[in-house]
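Beneath this line is the structure, given in C-alpha coordinates, with notes to follow.
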Number of protein chains: 2
Amino acid sequence: MAISDTLAKKGVRPSAQRVAVAEYVLSTREHPSAEQVFADVKRRFPQISRATVYNTLNLFFEKGLLRTLTLTEGNVVFDPMIERHHHFVDEQTGKIYDIPWGALSVRNVESLEGFDVSEYQVVLRGRSHKEKAK
Amino acid sequence: MAISDTLAKKGVRPSAQRVAVAEYVLSTREHPSAEQVFADVKRRFPQISRATVYNTLNLFFEKGLLRTLTLTEGNVVFDPMIERHHHFVDEQTGKIYDIPWGALSVRNVESLEGFDVSEYQVVLRGRSHKEKAK
DNA sequence: GTTCGTGCAAACGGTTTGCAACAAT
DNA sequence: ATTGTTGCAAACCGTTTGCACGAAC
(Lines give C-alpha, C1' and ligand atoms only; values in the text may rest on other atoms or scores of the structure.)
Protein backbone atom coordinates (compact mmCIF):
# COMPACT_ATOMS: atom_id res chain seq x y z
CA MET A 1 0.00 0.00 0.00
CA ALA A 2 1.23 3.45 -0.89
CA ILE A 3 2.28 5.71 1.96
CA SER A 4 -0.25 8.35 1.00
CA ASP A 5 -3.02 5.77 1.34
CA THR A 6 -1.78 4.76 4.76
CA LEU A 7 -1.96 8.38 5.83
CA ALA A 8 -5.34 9.02 4.23
CA LYS A 9 -6.78 5.96 5.93
CA LYS A 10 -5.85 7.44 9.30
CA GLY A 11 -7.39 10.78 8.43
CA VAL A 12 -4.12 12.54 7.66
CA ARG A 13 -4.05 14.52 4.46
CA PRO A 14 -0.98 13.31 2.56
CA SER A 15 0.90 16.49 1.79
CA ALA A 16 4.33 16.16 0.24
CA GLN A 17 6.01 16.99 3.55
CA ARG A 18 4.00 14.44 5.48
CA VAL A 19 4.72 11.73 2.96
CA ALA A 20 8.41 12.53 3.18
CA VAL A 21 8.33 12.26 6.99
CA ALA A 22 6.24 9.11 6.84
CA GLU A 23 8.55 7.39 4.37
CA TYR A 24 11.32 7.56 6.87
CA VAL A 25 9.72 7.31 10.27
CA LEU A 26 7.08 4.69 9.61
CA SER A 27 9.53 2.18 8.24
CA THR A 28 12.73 2.71 10.21
CA ARG A 29 14.02 0.49 12.97
CA GLU A 30 16.33 3.24 14.17
CA HIS A 31 14.25 4.78 16.98
CA PRO A 32 15.04 8.29 15.75
CA SER A 33 14.69 11.53 17.68
CA ALA A 34 12.74 14.40 16.16
CA GLU A 35 16.04 15.98 15.22
CA GLN A 36 17.16 12.83 13.41
CA VAL A 37 13.89 12.71 11.51
CA PHE A 38 14.37 16.33 10.54
CA ALA A 39 17.91 15.69 9.35
CA ASP A 40 16.92 12.64 7.31
CA VAL A 41 13.90 14.23 5.69
CA LYS A 42 15.75 17.43 4.95
CA ARG A 43 18.20 15.52 2.81
CA ARG A 44 15.42 14.52 0.44
CA PHE A 45 13.26 17.58 1.03
CA PRO A 46 15.57 20.50 1.81
CA GLN A 47 12.98 23.21 2.22
CA ILE A 48 11.08 21.47 5.02
CA SER A 49 11.02 23.31 8.31
CA ARG A 50 11.64 21.99 11.78
CA ALA A 51 8.18 23.09 12.90
CA THR A 52 6.55 21.00 10.20
CA VAL A 53 8.50 17.93 11.21
CA TYR A 54 7.52 18.39 14.85
CA ASN A 55 3.90 19.05 13.98
CA THR A 56 3.82 16.07 11.67
CA LEU A 57 5.33 13.72 14.24
CA ASN A 58 2.80 14.87 16.81
CA LEU A 59 0.02 14.40 14.32
CA PHE A 60 1.18 10.87 13.49
CA PHE A 61 1.32 10.13 17.19
CA GLU A 62 -2.24 11.40 17.75
CA LYS A 63 -3.48 9.37 14.83
CA GLY A 64 -1.85 6.24 16.15
CA LEU A 65 0.75 5.87 13.42
CA LEU A 66 3.66 5.83 15.81
CA ARG A 67 4.61 5.62 19.46
CA THR A 68 6.96 7.73 21.47
CA LEU A 69 9.52 6.25 23.85
CA THR A 70 11.57 8.00 26.48
CA LEU A 71 13.86 5.24 27.64
CA THR A 72 16.98 7.32 28.21
CA GLU A 73 17.33 10.58 30.11
CA GLY A 74 14.94 12.95 28.44
CA ASN A 75 15.51 11.70 24.91
CA VAL A 76 12.19 11.20 23.19
CA VAL A 77 12.36 8.88 20.22
CA PHE A 78 9.76 7.57 17.79
CA ASP A 79 8.83 4.00 17.11
CA PRO A 80 6.56 2.96 14.27
CA MET A 81 3.39 1.15 15.35
CA ILE A 82 4.41 -2.30 14.28
CA GLU A 83 3.95 -5.49 16.27
CA ARG A 84 4.43 -5.51 20.01
CA HIS A 85 7.98 -5.82 21.18
CA HIS A 86 10.21 -5.23 24.18
CA HIS A 87 13.17 -2.88 24.35
CA PHE A 88 16.78 -3.22 25.34
CA VAL A 89 18.85 -0.10 26.05
CA ASP A 90 22.62 -0.26 25.74
CA GLU A 91 23.83 1.66 28.77
CA GLN A 92 27.08 2.75 27.13
CA THR A 93 25.78 3.96 23.81
CA GLY A 94 22.15 4.69 24.58
CA LYS A 95 21.22 2.69 21.54
CA ILE A 96 17.83 1.01 21.65
CA TYR A 97 17.25 -2.49 20.34
CA ASP A 98 13.93 -4.17 19.68
CA ILE A 99 13.41 -7.50 21.39
CA PRO A 100 10.86 -9.75 19.69
CA TRP A 101 7.71 -10.21 21.72
CA GLY A 102 8.12 -13.95 21.84
CA ALA A 103 11.65 -13.85 23.19
CA LEU A 104 10.41 -13.13 26.70
CA SER A 105 7.32 -14.07 28.57
CA VAL A 106 5.76 -12.21 31.43
CA ARG A 107 3.52 -14.11 33.82
CA ASN A 108 0.75 -12.93 36.12
CA VAL A 109 -0.03 -9.65 34.37
CA GLU A 110 -3.73 -10.49 34.40
CA SER A 111 -3.75 -11.15 38.11
CA LEU A 112 -2.63 -7.70 39.24
CA GLU A 113 -5.21 -6.40 41.69
CA GLY A 114 -6.73 -3.02 40.91
CA PHE A 115 -4.99 -2.53 37.58
CA ASP A 116 -6.58 -2.80 34.19
CA VAL A 117 -3.58 -3.35 31.95
CA SER A 118 -4.00 -2.32 28.33
CA GLU A 119 -0.40 -2.85 27.29
CA TYR A 120 2.98 -3.62 28.72
CA GLN A 121 6.56 -4.21 27.74
CA VAL A 122 9.79 -5.27 29.34
CA VAL A 123 12.55 -2.64 29.38
CA LEU A 124 16.01 -4.14 29.76
CA ARG A 125 19.31 -2.38 30.25
CA GLY A 126 22.88 -3.55 29.97
CA ARG A 127 25.52 -4.07 27.33
CA SER A 128 24.86 -5.28 23.84
CA HIS A 129 27.41 -7.38 22.03
CA LYS A 130 25.79 -6.90 18.68
CA GLU A 131 28.08 -4.90 16.45
CA LYS A 132 25.48 -3.61 14.08
CA ALA A 133 23.02 -1.14 15.51
CA LYS A 134 19.57 -1.71 14.21
CA MET B 1 19.84 5.49 60.59
CA ALA B 2 19.79 9.28 60.41
CA ILE B 3 19.50 10.84 56.99
CA SER B 4 22.77 12.69 57.37
CA ASP B 5 24.54 9.39 57.97
CA THR B 6 22.98 7.90 54.86
CA LEU B 7 24.32 10.82 52.87
CA ALA B 8 27.74 10.77 54.48
CA LYS B 9 28.06 7.07 53.79
CA LYS B 10 27.62 7.76 50.09
CA GLY B 11 30.17 10.54 50.11
CA VAL B 12 27.67 13.39 50.15
CA ARG B 13 28.30 16.09 52.67
CA PRO B 14 25.06 16.51 54.59
CA SER B 15 24.31 20.20 54.33
CA ALA B 16 21.01 21.44 55.66
CA GLN B 17 19.61 21.79 52.13
CA ARG B 18 20.65 18.30 51.11
CA VAL B 19 19.15 16.78 54.22
CA ALA B 20 15.90 18.61 53.51
CA VAL B 21 15.81 17.28 49.96
CA ALA B 22 16.77 13.80 51.10
CA GLU B 23 14.10 13.67 53.76
CA TYR B 24 11.49 13.99 51.14
CA VAL B 25 12.82 12.31 48.05
CA LEU B 26 14.51 9.28 49.60
CA SER B 27 11.42 8.18 51.45
CA THR B 28 8.53 9.11 49.19
CA ARG B 29 6.54 6.74 47.07
CA GLU B 30 5.19 9.61 45.00
CA HIS B 31 7.61 9.55 42.05
CA PRO B 32 8.01 13.34 42.18
CA SER B 33 9.33 15.60 39.46
CA ALA B 34 12.14 18.03 40.25
CA GLU B 35 9.54 20.77 40.49
CA GLN B 36 7.52 18.78 43.02
CA VAL B 37 10.61 18.18 45.09
CA PHE B 38 11.36 21.88 44.98
CA ALA B 39 7.81 22.75 46.06
CA ASP B 40 7.80 20.25 48.91
CA VAL B 41 11.21 21.19 50.25
CA LYS B 42 10.51 24.87 49.92
CA ARG B 43 7.63 24.53 52.35
CA ARG B 44 9.98 23.45 55.08
CA PHE B 45 13.00 25.35 53.83
CA PRO B 46 11.74 28.51 52.12
CA GLN B 47 15.06 30.01 51.16
CA ILE B 48 16.23 27.04 49.10
CA SER B 49 16.81 27.75 45.44
CA ARG B 50 15.74 25.77 42.44
CA ALA B 51 19.34 25.35 41.33
CA THR B 52 20.26 23.72 44.62
CA VAL B 53 17.40 21.26 44.33
CA TYR B 54 18.39 20.34 40.79
CA ASN B 55 22.06 20.06 41.72
CA THR B 56 21.21 17.97 44.74
CA LEU B 57 18.97 15.61 42.81
CA ASN B 58 21.68 15.12 40.21
CA LEU B 59 24.22 14.52 42.93
CA PHE B 60 21.99 11.93 44.60
CA PHE B 61 21.54 10.27 41.24
CA GLU B 62 25.29 10.13 40.61
CA LYS B 63 25.89 8.71 44.06
CA GLY B 64 23.31 6.02 43.54
CA LEU B 65 20.79 7.27 46.07
CA LEU B 66 17.97 7.49 43.58
CA ARG B 67 16.92 6.58 40.07
CA THR B 68 15.31 8.67 37.40
CA LEU B 69 12.36 7.44 35.37
CA THR B 70 10.87 8.92 32.21
CA LEU B 71 7.77 6.82 31.75
CA THR B 72 5.48 9.55 30.45
CA GLU B 73 6.09 12.09 27.71
CA GLY B 74 9.23 13.86 28.75
CA ASN B 75 8.41 13.97 32.46
CA VAL B 76 11.44 12.96 34.44
CA VAL B 77 10.62 11.75 37.93
CA PHE B 78 12.72 10.43 40.78
CA ASP B 79 12.47 7.11 42.49
CA PRO B 80 14.37 6.24 45.65
CA MET B 81 16.75 3.30 45.31
CA ILE B 82 14.74 0.78 47.21
CA GLU B 83 14.14 -2.82 46.19
CA ARG B 84 13.55 -3.73 42.57
CA HIS B 85 10.04 -3.22 41.34
CA HIS B 86 7.99 -2.81 38.20
CA HIS B 87 5.92 0.22 37.22
CA PHE B 88 2.35 0.77 36.20
CA VAL B 89 1.37 4.06 34.53
CA ASP B 90 -2.25 5.19 34.68
CA GLU B 91 -2.91 6.48 31.18
CA GLN B 92 -5.58 8.94 32.30
CA THR B 93 -3.82 10.57 35.21
CA GLY B 94 -0.18 9.85 34.43
CA LYS B 95 0.20 8.61 37.97
CA ILE B 96 2.87 5.98 38.49
CA TYR B 97 2.37 3.00 40.77
CA ASP B 98 4.99 0.58 42.02
CA ILE B 99 4.35 -3.08 41.34
CA PRO B 100 6.13 -5.44 43.72
CA TRP B 101 8.88 -7.43 42.06
CA GLY B 102 7.31 -10.72 42.99
CA ALA B 103 3.93 -9.90 41.50
CA LEU B 104 5.20 -10.62 37.99
CA SER B 105 7.74 -12.95 36.61
CA VAL B 106 9.68 -12.57 33.41
CA ARG B 107 11.08 -15.66 31.77
CA ASN B 108 13.97 -16.12 29.35
CA VAL B 109 15.84 -12.91 30.16
CA GLU B 110 19.07 -14.85 30.52
CA SER B 111 18.72 -16.50 27.15
CA LEU B 112 18.68 -13.34 25.04
CA GLU B 113 21.41 -13.65 22.43
CA GLY B 114 23.94 -10.86 22.29
CA PHE B 115 22.62 -8.93 25.26
CA ASP B 116 24.21 -8.74 28.65
CA VAL B 117 21.30 -7.66 30.84
CA SER B 118 22.19 -5.84 34.04
CA GLU B 119 18.66 -4.88 35.02
CA TYR B 120 15.15 -4.91 33.72
CA GLN B 121 11.61 -4.03 34.66
CA VAL B 122 8.14 -4.42 33.27
CA VAL B 123 6.37 -1.18 32.38
CA LEU B 124 2.60 -1.54 32.26
CA ARG B 125 0.01 0.97 31.13
CA GLY B 126 -3.72 1.12 31.55
CA ARG B 127 -6.26 2.23 34.09
CA SER B 128 -5.88 1.91 37.81
CA HIS B 129 -8.88 1.29 40.00
CA LYS B 130 -7.05 2.15 43.16
CA GLU B 131 -8.45 5.31 44.67
CA LYS B 132 -5.46 6.22 46.75
CA ALA B 133 -2.43 7.35 44.83
CA LYS B 134 0.73 5.88 46.23
C1' DG C 1 42.93 29.82 53.11
C1' DT C 2 41.41 26.50 50.18
C1' DT C 3 37.73 23.68 48.99
C1' DC C 4 32.83 22.92 48.83
C1' DG C 5 27.96 24.39 48.69
C1' DT C 6 24.46 27.89 47.76
C1' DG C 7 21.57 31.31 45.37
C1' DC C 8 20.77 34.26 41.73
C1' DA C 9 20.18 35.22 37.10
C1' DA C 10 21.41 34.23 32.61
C1' DA C 11 21.95 30.69 29.17
C1' DC C 12 20.58 26.54 27.02
C1' DG C 13 18.17 23.03 24.05
C1' DG C 14 14.36 20.79 22.54
C1' DT C 15 9.68 21.71 21.53
C1' DT C 16 5.54 24.55 20.72
C1' DT C 17 3.07 28.44 19.13
C1' DG C 18 1.41 32.84 16.68
C1' DC C 19 1.11 34.49 12.55
C1' DA C 20 1.05 35.51 7.67
C1' DA C 21 1.38 33.35 3.16
C1' DC C 22 -0.19 29.65 0.49
C1' DA C 23 -2.65 25.39 -1.22
C1' DA C 24 -6.56 22.47 -1.41
C1' DT C 25 -11.35 21.80 -1.56
C1' DA D 1 -14.64 31.40 0.58
C1' DT D 2 -13.46 28.48 3.88
C1' DT D 3 -10.45 25.29 5.78
C1' DG D 4 -6.03 23.04 6.28
C1' DT D 5 -0.80 23.25 5.85
C1' DT D 6 3.62 25.39 5.83
C1' DG D 7 7.70 28.14 7.27
C1' DC D 8 9.65 31.50 10.02
C1' DA D 9 10.78 33.48 14.25
C1' DA D 10 9.65 34.19 18.79
C1' DA D 11 8.12 32.14 22.98
C1' DC D 12 8.26 28.55 26.21
C1' DC D 13 9.68 25.41 29.96
C1' DG D 14 12.47 22.45 32.42
C1' DT D 15 17.17 22.18 33.32
C1' DT D 16 22.06 23.62 33.53
C1' DT D 17 25.72 26.85 34.15
C1' DG D 18 28.78 30.92 35.54
C1' DC D 19 29.77 33.48 39.07
C1' DA D 20 30.31 35.66 43.56
C1' DC D 21 29.37 35.06 48.37
C1' DG D 22 29.47 32.31 52.46
C1' DA D 23 30.30 28.05 55.18
C1' DA D 24 33.04 24.10 56.40
C1' DC D 25 37.17 21.90 57.11
Side-chain angles (χ1 to χ4, degrees), chain A residues 3-5 7-23 25 31-63 65-78 94, chain B residues 3-25 31-63 65-78 94:
Chain A
I3 296 255
S4 60
D5 295 336
L7 297 185
K9 193 183 283 188
K10 293 280 190 168
V12 174
R13 220 190 285 183
S15 70
Q17 288 90 333
R18 288 171 178 175
V19 171
V21 172
E23 276 170 354
V25 82
H31 306 95
S33 66
E35 209 56 33
Q36 283 174 282
V37 176
F38 177 58
D40 183 273
V41 173
K42 201 174 181 91
R43 247 181 278 126
R44 287 170 296 120
F45 205 113
Q47 77 277 28
I48 201 171
S49 75
R50 210 179 301 268
T52 297
V53 171
Y54 277 92
N55 291 338
T56 300
L57 290 170
N58 286 340
L59 181 64
F60 287 1
F61 173 73
E62 284 160 25
K63 298 296 186 176
L65 285 159
L66 41 80
R67 284 198 163 77
T68 62
L69 300 173
T70 45
L71 300 177
T72 65
E73 268 317 274
N75 293 110
V76 179
V77 302
F78 297 90
Chain B
I3 296 256
S4 61
D5 294 337
T6 307
L7 297 185
K9 194 183 283 192
K10 293 280 190 169
V12 174
R13 222 192 282 181
S15 70
Q17 287 89 332
R18 287 171 178 175
V19 171
V21 171
E23 276 169 354
Y24 173 54
V25 81
H31 305 95
S33 65
E35 210 56 34
Q36 283 174 281
V37 175
F38 177 58
D40 183 273
V41 173
K42 200 175 180 89
R43 247 181 279 126
R44 289 170 294 119
F45 207 113
Q47 76 277 25
I48 201 170
S49 75
R50 210 178 302 268
T52 297
V53 171
Y54 276 94
N55 291 338
T56 301
L57 289 170
N58 286 340
L59 180 64
F60 287 1
F61 173 74
E62 284 160 25
K63 298 296 187 177
L65 285 158
L66 41 79
R67 284 197 163 75
T68 62
L69 298 174
T70 45
L71 299 178
T72 65
E73 269 315 275
N75 294 111
V76 179
V77 302
F78 298 89

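Letters A, B, ... are given to chains in the order of the sequence lines, protein chains preceding strands, and every chain is numbered from 1. The shown structure was predicted, so the numbers you read here are calculated from the model rather than taken from an experiment.
- Note on B/Ser49: a side-chain N or O is less than 4.0 Å away from OP1 or OP2 of C/dG7.
- Of all heavy-atom pairs between A/Ala20 and A/Phe45, the closest is CB-CD1, 3.8 Å.
- Contact record, A/Phe38 with A/Ile48: CE1-O, 3.6 Å, taken as the closest heavy-atom pair.
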Scan nucleotides 22-24 of chain C against the protein and return all N/O pairs shorter than 3.5 Å with their distances rounded to 0.1 Å.
none

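- Looking at B/Arg18, its side chain does come within 3.5 Å of a backbone N or O of B/Arg13 through a donor-acceptor pair.
- With rounding to the nearest 0.5 angstrom, the CG atom of B/Leu65 is 11.0 Å from the NZ atom of B/Lys9.
- The interatomic distance linking B/Gln36 (CD) with D/dG14 (C1') rounds to 13 Å, in whole Å.
- Contact record, A/Ser4 with A/Val19: CB-CG2, 4.3 Å, taken as the closest heavy-atom pair.
- Under 4.0 angstrom from either OP1 or OP2 of C/dT6 there lies at least one side-chain N or O belonging to B/Ser15.
- Across all their heavy atoms, B/Ala34 and B/Phe78 have their closest contact at N-CE1, 3.8 Å.
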Which atoms of nucleotides 14-18 of chain C (N or O only) lie under 3.5 Å from a protein N or O atom, and what are those distances?
from	atom 1	to	atom 2	distance (Å)
C/dT15	OP2	A/Tyr54	OH	2.3
C/dT16	OP2	A/Asn58	ND2	2.9

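- Protein atom CZ of B/Phe38 is 16 Å distant from nucleotide atom P of D/dC13, rounded to whole Å.
- Taking atom CD of A/Gln47 as the reference point, atom C1' of D/dT6 lies 10 Å away to the nearest angstrom.
- Checked by atom type and distance alone, the side chain of A/Thr72 never pairs as donor or acceptor with a backbone atom of A/Gly94 at under 3.5 Å.
- With sequence neighbours left out, B/Glu62 forms a salt bridge (charged side-chain N to carboxylate O under 4.0 Å, His left out) with no residue at all.
- Here the C1' atom of nucleotide C/dT6 and the CG atom of B/Leu59 are 13 Å apart, to the nearest Å.
- Among C/dG7, D/dT6, D/dG7, the nucleotide with an atom closest to any side-chain atom of B/Gln17 is C/dG7.
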